[in-house]
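Notes follow once the structure below has been shown.
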Number of protein chains: 2
Amino acid sequence: MNGRFSIAMHIMTLLCADARLQSSDYLAGSININPVLVRKELSNLLKHGLINSQLGKNGGYSLAKPAKEITIASIYKAVKPNAILGQAKNEPNPACPIGKQINNHLKTLDADIERVMVNKLGDTTLAEFYKKFD
Amino acid sequence: MNGRFSIAMHIMTLLCADARLQSSDYLAGSININPVLVRKELSNLLKHGLINSQLGKNGGYSLAKPAKEITIASIYKAVKPNAILGQAKNEPNPACPIGKQINNHLKTLDADIERVMVNKLGDTTLAEFYKKFD
DNA sequence: TTGTAATGTAATAATTTTTATTACATATTT
DNA sequence: AAATATGTAATAAAAATTATTACATTACAA
């Protein structure tokens, strides 16, 4: 996985900290990455119904619902990679009895792990996460 | 995370399937990646005490202990990334109250998740994983 | 004791992925 | 109508991953 989860959490925390509309430039300034990347992630969070946006002058972004109704799991799901345990790029040798089957078995293992993770992340809300900041 | 876990699992499964010494070239052929990459991962697994190697002609690799004593968690630990949830490359803006603290809080979250994952992966042994193959 | 086949590892190149940048259309407020 | 923001496409730059080449070292076996 890349830095997308961190970025999404950072965005959501900033929106949680101030209910007013926040611009992508301001968010990018706190995260310290390119504004276009932030807008791309905002666009994804929007698609997943986690935030609202307002076009035009004085526009910006805000949480789509109260922070105590947003689980960390829902944020994770919005940015989740194909495989949490990672996957090799190459097709294993189909002539090898192990190679032929291993990807399926690894996929099953990965699904098991993800279930446990999402379960754990579902225990915490954005509001609880935000409480840790002083 | 990259493909290292997949590769390590593939190596370990192949060694589990045949107790005789296996060469890195043979392993690379089944995985279908460059033999040098395989040797690098073998060198890492060796360092973690999961496998044995034998130098010289007719040399190769074998499991360091019975497959039923090797947990998937121990294989994961040998290749585990810094942060399972990923991390952004940039330092957040220290002038921002959220930016200043978020990395610490994300690190805590990550540690929680990893604990749950390793717990789950500790339930299964290589022998059990191998049983799934026909 | 010499040839062969294997591990072990360093250096470098190629490829892929991620991140940054530029540009501009569209929307909304003042 | 001007200003400021979202939204998005196209491209460039940087970083990470994977592949390749090269070769030293070890051990078996003829």
Residues [X] and [Y] bridged, charged N to O under 4.0 Å:
X: A:Asp123; Y: A:Lys120; answer: no
X: B:Glu128; Y: B:Lys68; answer: no
X: B:Lys107; Y: B:Asp110; answer: no
X: A:Lys100; Y: B:Asp134; answer: no

Taking the side chain of [X] as its heavy atoms from C-beta onward, which of [options] lies nearest to it?
X: A:Arg39; options: C:dT21, C:dT7, D:dG7; value: D:dG7
X: A:Ile33; options: C:dT7, D:dT6, C:dA20; value: C:dA20
X: B:Ser23; options: C:dA20, C:dT7, C:dT22; value: C:dT7

Would you check if the side chain of A:Thr13 reaches a backbone N or O of A:Met9 as a donor-acceptor pair within less than 3.5 Å? yes
[N] [atom2] sits how many Å from [X] [atom1], rounded?
X: A:Asn34; N: D:dA12; atom1: CG; atom2: P; answer: 16 Å
X: A:Leu21; N: C:dT29; atom1: CG; atom2: P; answer: 10 Å
X: A:Glu41; N: C:dT19; atom1: CD; atom2: P; answer: 11 Å
X: B:Leu45; N: C:dT7; atom1: CG; atom2: C1'; answer: 15 Å
X: A:Leu37; N: D:dT6; atom1: CG; atom2: C1'; answer: 16 Å

Calculate, to the nearest 0.5 Å, the distance between atoms NZ and CG belonging to A:Lys132 and B:Asn104 respectively. 11.0 Å
If you look at every strand shown and take non-hydrogen atoms under 4.0 Å, does A:Asn90 touch a base, only sugar-phosphate, or nothing? sugar-phosphate
So what does B:Leu46 touch, heavy atoms closer than 4.0 Å: a base, only the sugar-phosphate, or nothing? sugar-phosphate
By a strict heavy-atom criterion of less than 4.0 Å, which residues belonging to residues 51-64 of chain B are in contact with DNA chain C? B:Ser53, B:Gln54, B:Leu55, B:Gly56, B:Lys57, B:Gly59, B:Gly60, B:Tyr61
Distance check: side-chain N/O of A:Ser43 vs OP1/OP2 of D:dT8, anything under 4.0 Å? yes
